[in-house]
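Here is the structure we will look at.
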Amino acid sequence: ASVTGGRAHFAASTTELAGVYSQIESELRARWRIAYQSSNIKTDGAFRAVQVKLAKSGLEARTISGYYP
């Protein structure tokens with residue numbers, strides 16, 4: 001899941017599900033979508049790395065590590 005910017009949640013029992021759902025809800029409410037168009041117009045099929053840097057400390061960005069055009 002982390003390769004695509006996601007996260008996997010594992011609950012050992014049903015009593016843990018409320019906490020898992022609460023965490024998922026919190027993450028979904030704080031989500032932003034950013035899009036860009038690459039200036040690299042080559043169609044060579046080479047992997048393009050993606051890196052997101054945050055200007056403010058204490059924040060977390062989850063994103064894909066890259067893509068193939």
Side-chain angles (χ1 to χ4, degrees):
S2 63
V3 173
T4 60
R7 182 184 300 199
H9 298 272
F10 300 96
S13 69
T14 57
T15 59
E16 296 177 4
L17 290 177
V20 170
Y21 295 150
S22 178
Q23 184 178 10
I24 293 169
E25 178 186 21
S26 176
E27 291 177 2
L28 289 174
R29 291 182 184 276
R31 186 170 74 163
W32 288 80
R33 179 177 296 195
I34 299 172
Y36 78 101
Q37 184 169 348
S38 176
S39 60
N40 185 346
I41 59 172
K42 293 180 187 175
T43 56
D44 56 4
F47 183 78
R48 309 279 200 272
V50 172
Q51 184 179 40
V52 175
K53 295 181 181 182
L54 302 172
K56 187 175 180 181
S57 63
L59 300 176
E60 176 188 6
R62 289 196 320 248
T63 183
I64 59 173
S65 60
Y67 65 96
Y68 292 94

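Everything numeric here is computed off the predicted structure, so don't read it as measured data. These values consider heavy atoms only, across backbone and side chains, with no hydrogens, waters or symmetry-generated copies.
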Legend entry - Contacts of Thr15 that satisfy side-chain hydrogen bond (donor to acceptor under 3.5 Å, both in side chains) - sequence neighbours left out: Ser13
Legend entry - Closest non-hydrogen atom pair between Ala61 and Val52, with its separation: CB-CG1, 3.9 Å
Inset, instruction - Give a yes or no on this: more than 12 heavy atoms of other residues, nucleotides or ligands lie within 6.0 Å of atom CD1 of Ile41. - result: no
Inset, instruction - Just grab all the salt bridge (charged side-chain N to carboxylate O under 4.0 Å, His left out) pairs involving residues 47-58, residues at least two apart or on different chains. - result: Asp44-Arg48
Legend entry - Set of residues satisfying side-chain contact (heavy atoms from CB on, under 4.5 Å) with respect to Ile34, sequence neighbours excluded: none
Legend entry - Contacts of type side-chain hydrogen bond (donor to acceptor under 3.5 Å, both in side chains), residue Gln37, not counting sequence neighbours: none
Inset, instruction - Give every residue pair that meets the ring pair (Phe, Tyr, Trp, His ring centres under 6.0 Å) criterion with at least one member in residues 7-31, sequence neighbours excluded. - result: none
Legend entry - With Ser38 via side-chain contact (heavy atoms from CB on, under 4.5 Å) - residues at least two apart: Tyr36, Asn40, Tyr67
Inset, instruction - Just grab all the salt bridge (charged side-chain N to carboxylate O under 4.0 Å, His left out) pairs involving residues 16-26, residues at least two apart or on different chains. - result: Glu25-Arg29
Legend entry - Considering all heavy atoms, the nearest Ile64-Val50 contact: O-CB, 3.8 Å
Inset, instruction - Report the hydrophobic cluster partners of Phe47, with the cluster defined as I, L, V, M, F, W, Y residues connected by side-chain heavy atoms closer than 4.5 angstrom, directly or transitively. - result: Tyr68
Legend entry - Nearest heavy atoms of Pro69 and Ala46, plus distance in Å: CD-O, 3.1 Å
Legend entry - Residue pair Leu17 / Ala11: nearest heavy atoms and the distance that separates them: CD2-CB, 3.8 Å
